[in-house]
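Notes for the one structure printed next.
What's counted below: heavy atoms across the whole structure, side chains too, no hydrogens, waters or symmetry copies. From a predicted model like this one, the values you see are computed outputs, not experimental measurements. All chains are named by letter (A, B, ...) in the order of the sequence lines, taking the proteins before the strands, and each is independently numbered beginning at 1.
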2 protein chains.
Amino acid sequence: MAQKEDIPHKTVYRLSIYHRCLQRLKENGVETVSSEAMARAAGVKSTQLRKDLAYFGNFGTRGLGYNVDSLSGMIGETLGTTRLQPVILVGVGNLGSALLRYGGFNKEGFEIVGAFDAEPAAVRQASVRIPILSEAAMPEFIREHSVKLAILCVPASVAQQVVNTLVASGIQAILNFAPVFLDVPPEVKVNCVDVAVELENLSYFIR
Amino acid sequence: MAQKEDIPHKTVYRLSIYHRCLQRLKENGVETVSSEAMARAAGVKSTQLRKDLAYFGNFGTRGLGYNVDSLSGMIGETLGTTRLQPVILVGVGNLGSALLRYGGFNKEGFEIVGAFDAEPAAVRQASVRIPILSEAAMPEFIREHSVKLAILCVPASVAQQVVNTLVASGIQAILNFAPVFLDVPPEVKVNCVDVAVELENLSYFIR
């Protein structure tokens, strides 16, 4: 098996997609799957699928395909989602509260254990189950619950300041919805979701 | 200037990020910016910035930097966001309604002109300004308003079926929030936003 640092970032992304396909197959009672069928469901070429999985060892039996259960288990172990990963969410505006109301995270291996806002009293708590705390309570909460992962939904103007607090409190990875570049130490990983940038990118391809 | 098809997809993404930096500079009354300062704000190396812009011609004056107004205008033209681009949103659940309530799209060059749901009567319309129509009304609406761009927030189980209708009605680009691979003709462009995949990817990097 390859060392963690040798595995391309894009392969790690595709592992998540394979994982989801395998979970759907499991739910449907499928026990084995060919690399062709699985590649098609994931939207990749089957050569790509085989190359990606080869980083992690030998899977699949010629003529039989992959065992859904064991391949799914291996990918879950690799991604670190076999145990529920605690996550905090910071910034409970429109998008933040939509994510809190979304019920699908637990199924995917994540549990939002805390939500924080600069003005927690102003947030409409209707249909949001977890309490929303003040940002001042964040550092202690992160340490106490050993949280490593944060979802950031604050306005761009305060994002860097909030990130500095998160990093100083022990957060190692951030999913950033704020439309701004974040300056973090090299050991902290930031993934960005930027709806406006995605729309602009698509608009370039429209004839 | 390079042909559209010769410009790398990643360069087009970065153009959006440069565009946003320039707009912020404009709002702050800044007239010229050095490539170093702009690269830092965008989170790229200045060699990368210069290389990206070189696809579109000669910008900037040695020792003076870029004219914020004219560079921003050029990028807006290239991305096709100088005119308001009409967009429809399909699937008004938690995430869909959060996106509808988000007021920032117009500023970015996009206008959500219509929203559709399989059960429009069931959607809480509170604080959403545009009417929510039945999915049956979608094809005619798309043609009538010459819409080319759609945001997809429907459940994974119905996503492909909805996409088939969108494509048959003339949609050329889709921003997909449904956690599923979409099968589309080669001339249709799909960008995906998948929160669970982003979280899984981050969780891999946590120690």
> Checking heavy atoms, do the side chain of B:Phe110, its backbone, both or neither come under 4.5 Å from chain A?
Replying inline: side chain
> What part of A:Leu182 gets closer than 4.5 Å to chain B, counting heavy atoms only: side chain, backbone, both or neither?
Replying inline: neither
> When you look at B:Phe205 and A:His9, which way does the side-chain contact (heavy atoms from CB on, under 4.5 Å) test go after all the steps?
Replying inline: CA-CA 10 Å; B:Phe205 293 97; A:His9 282 203; 3.6 Å; yes
>> If you count heavy-atom pairs within less than 4.5 Å of chain A, which of B:Arg24, B:Lys189, B:Arg40, B:His19 leads?
In response: B:Lys189
>> For B:Asn94 versus A:Ala98, what's the shortest heavy-atom pair and its separation?
In response: O-CB, 3.6 Å
>> Can you tell me which of B:Ala41, B:Cys21, B:Ala156, B:Ser203 forms the most heavy-atom pairs within a distance under 4.5 Å of chain A?
In response: B:Ser203
> Side chain, backbone, both or neither: which part of B:Val195 has a non-hydrogen atom closer than 4.5 Å to chain A?
Replying inline: both
> chain A heavy atoms under 4.5 Å from B:Asp194: which part of the residue, side chain, backbone, both or neither?
Replying inline: side chain
> Most heavy-atom pairs under 4.5 angstrom with chain B, which of A:Val180, A:Asp183, A:Ile174?
Replying inline: A:Ile174
>> Please report the interatomic distance CD1(A:Ile206) to CD1(B:Ile171), rounded to the nearest 0.5 Å.
In response: 8.0 Å
> Which atoms of A:Glu200 come close to chain B, meaning under 4.5 Å heavy atom to heavy atom: side chain ones, backbone ones, both, or neither?
Replying inline: both
> Heavy-atom count around B:Glu31 CD within 6.0 Å, excluding the residue itself: above 12?
Replying inline: no
>> How long is the straight-line distance from CG of A:Leu95 back to CG of B:Leu99, given to the nearest 0.5 Å?
In response: 7.0 Å
>> Looking at B:Glu140, I want to see if its CD is surrounded by more than 12 non-hydrogen atoms of other residues, nucleotides or ligands under 6.0 Å.
In response: no
> With a 4.5 Å limit on heavy-atom distance, are the side chains of B:Leu199 and A:Gln85 in contact?
Replying inline: no
> Just how far is it from atom OH of B:Tyr204 to atom CD1 of A:Ile7, taken to the nearest 0.5 Å?
Replying inline: 3.5 Å
> Given that the side chain runs from C-beta out, which part of B:Ala196 has a heavy atom under 4.5 Å from chain A: side chain, backbone, both or neither?
Replying inline: both
>> If you count every heavy atom of other residues, nucleotides or ligands that lies below 6.0 Å from B:Glu36 atom CD, does the total exceed 12?
In response: yes
>> Is A:Val193 in contact with chain B via its backbone, its side chain, both, or neither, using a 4.5 Å heavy-atom distance?
In response: side chain
> When only pairs under 4.5 Å are counted, which of B:Lys148, B:Glu187, B:Glu198 shares the most heavy-atom pairs with chain A?
Replying inline: B:Glu198
